[in-house]
Amino acid sequence: MNPGTQLGRYTLLGKLATGGMAEVFLARQEGPQGFAKTLVIKRILPHLAKDDQFVKMFLDEARLAALINHPNVVSIFELGEDPATKTYYMAMEYIDGCNLKRVIHDAVRAGKPLAQEICARIIADACAGLDHAHNLKGEDRKPLSIVHRDISPENILITYGGLVKVVDFGIAKAASIEGRTQAGQVKGKFSYMPPEQLLGKPLDRRADIWALGVVLYWMCAGVKPFSGDSEGEIIQKVLGEEPQPLLSRVPTLSPGLAEIVHRALSKDAAKRPQSARELQGELEAWMAGEGKIATAVVLSDYMNARFPEATDRDRLLVRALLSGELQQSTPSATDLASPMRPPGTQAKRAVTPSQASVSEDVQLALGNSQTKKVVGAAVAGAA
């Protein structure tokens, strides 16, 4: 779609990103008496429009996100259908900021680790949004049992005003969504999956707690707790190894914060915080106890110092799109704060576990012989 294209009530200004499932555009909605609103249009890719699986995931995301109304979750305004291409799109809240992955990479490249209280503030706010989603009830007042299942730095956005927003419920599980993901299916990114997810077991909200622990570890240490040269190596470490103690990596880190991180990364879900609210409470209590309370103002100051409006390429790009100075997409647009992964990211796969009680995704990554060895050890350890 070209800039200026009309899509329902919205005028497309330029493409921000393309991912494995959809493309994202900056758009504007205009109305009488000078009314104008900037937002984001997320449209399923045309070549996937006839793939029932991808369409179902896209529609499930829209239906779930429409139920969630919380300041720490990106809002969905409308689900529409493009009459020209017969593809679905979502009109979404535009986030004037960037994703957490860019913030982490910037800190690592600059050799300036994120302040501990900023790490705690970001994850505590993400917890607030997730806890709201986890506890949602349907019109019948029955719990929806939503689990995000794809928490990662790409899906945590930070505005230049200091607000934290969780995005992309595209593979979330909800008990009440028609066509929902079946228990035991594996989707998402291996390095953020808890052991029970890799083993194809039923998931609950504690899977999101594990993922938040992975993100917080990376923020504090500058490296992920489980990494490797291949997906198979990462899976083996998640299933069979403990992460290196944070204090051995960062001796100046508060022992209290390190303890919170490692508890979130317990392989036994019963030993993790049992809800996002509990994890949020632990982080808030740690900040208060240390006298290091990071507010939205502190976070805003940090974001604007690291990504100044006058020189940051992505902020300048959005300004150019909004002003009409730039009428085409550019490669730098792919790292903007949008509910989408950078180009080249593979679409998520949904597969049913084999009789070996491990997902086929994991089997493909490990190979048959490695699968038997790793899963056997994991099962023996859990016995």
Side-chain angles (χ1 to χ4, degrees), residues 18-21 53 57 99-102 104-105 108-109 148-156 168 170-171 181 184-201 203 207-208 210-246 248-249 261-262 264-269 334-335 340-382:
T18 301
M21 181 176 168
Q53 178 185 356
M57 287 170 58
N99 65 41
L100 179 55
K101 183 176 181 179
R102 187 181 180 209
I104 296 173
H105 281 177
V108 171
R109 283 195 298 264
H148 188 288
R149 303 200 311 157
D150 196 20
I151 290 297
S152 67
E154 294 95 322
N155 289 335
I156 298 175
D168 197 354
I171 65 171
T181 301
Q185 291 180 331
V186 172
K187 295 178 178 179
K189 308 175 187 74
F190 290 126
S191 57
Y192 300 96
M193 293 182 188
E196 64 267 25
Q197 189 171 3
L198 291 174
L199 293 171
K201 296 180 179 180
L203 301 180
D208 290 342
W210 167 281
L212 287 172
V214 174
V215 175
L216 186 51
Y217 186 107
W218 189 10
M219 295 171 72
C220 291
V223 296
K224 295 180 182 179
F226 305 100
S227 59
D229 295 330
S230 66
E231 291 179 333
E233 187 177 349
I234 293 171
I235 292 166
Q236 291 184 66
K237 289 182 177 180
V238 172
L239 291 176
E241 298 181 13
E242 295 296 331
Q244 182 176 335
L246 266 174
S248 69
R249 290 189 182 275
V261 176
H262 283 290
L265 288 174
S266 297
K267 295 190 187 300
D268 182 353
T334 60
D335 196 29
M340 182 51 51
R341 293 171 181 75
T345 301
Q346 293 297 313
K348 308 177 187 82
R349 292 171 289 169
V351 292
T352 304
S354 72
Q355 294 179 348
S357 296
V358 64
S359 79
E360 292 177 15
D361 273 10
V362 174
Q363 291 188 52
L364 288 172
L366 288 179
N368 290 335
S369 60
Q370 292 266 21
T371 298
K372 291 178 182 179
K373 179 180 178 181
V374 173
V375 174
V379 171

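Only heavy atoms go into these numbers, but all of them, side chains included; no hydrogens, no water, no symmetry mates.
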Quick one: are H105 and K101 in side-chain contact, heavy atoms under 4.5 Å?
-> yes

Not counting sequence neighbours, which residues clear salt bridge (charged side-chain N to carboxylate O under 4.0 Å, His left out) with K224? List them please.
-> none

Does M193 reach the side chain of V238, with side-chain heavy atoms less than 4.5 Å apart?
-> no

Between L100 and E154, is any pair of side-chain heavy atoms under 4.5 Å apart?
-> no

Is any side-chain heavy atom of Y192 less than 4.5 Å from a side-chain heavy atom of P153?
-> yes

Flag the pair P225 / Q244 as yes when at least one side-chain heavy-atom distance between them is below 4.5 Å, and no otherwise.
-> no

Side chain to side chain contact (heavy atoms under 4.5 Å, CB included) with P243: which of V223, L265, V214?
-> L265

Provide the full list of salt bridge (charged side-chain N to carboxylate O under 4.0 Å, His left out) pairs with a residue in residues 190-200, sequence neighbours left out, each pair given once.
-> E196-R272

Quick one: are L239 and L199 in side-chain contact, heavy atoms under 4.5 Å?
-> yes

Sorted by chain and number, sequence neighbours left out, ring-ring contact (aromatic ring centres under 6.0 Å, His included) with F226 holds for W210

With the side chain counted from C-beta on, respond yes when I156 and N99 share a heavy-atom pair under 4.5 Å apart, and no when they do not.
-> no

Counterpart residues, side chain to side chain donor-acceptor pair (under 3.5 Å), relative to Y217 (two or more places apart) = R249

4.5 Å side-chain heavy-atom contact, R149 and Q197 = yes

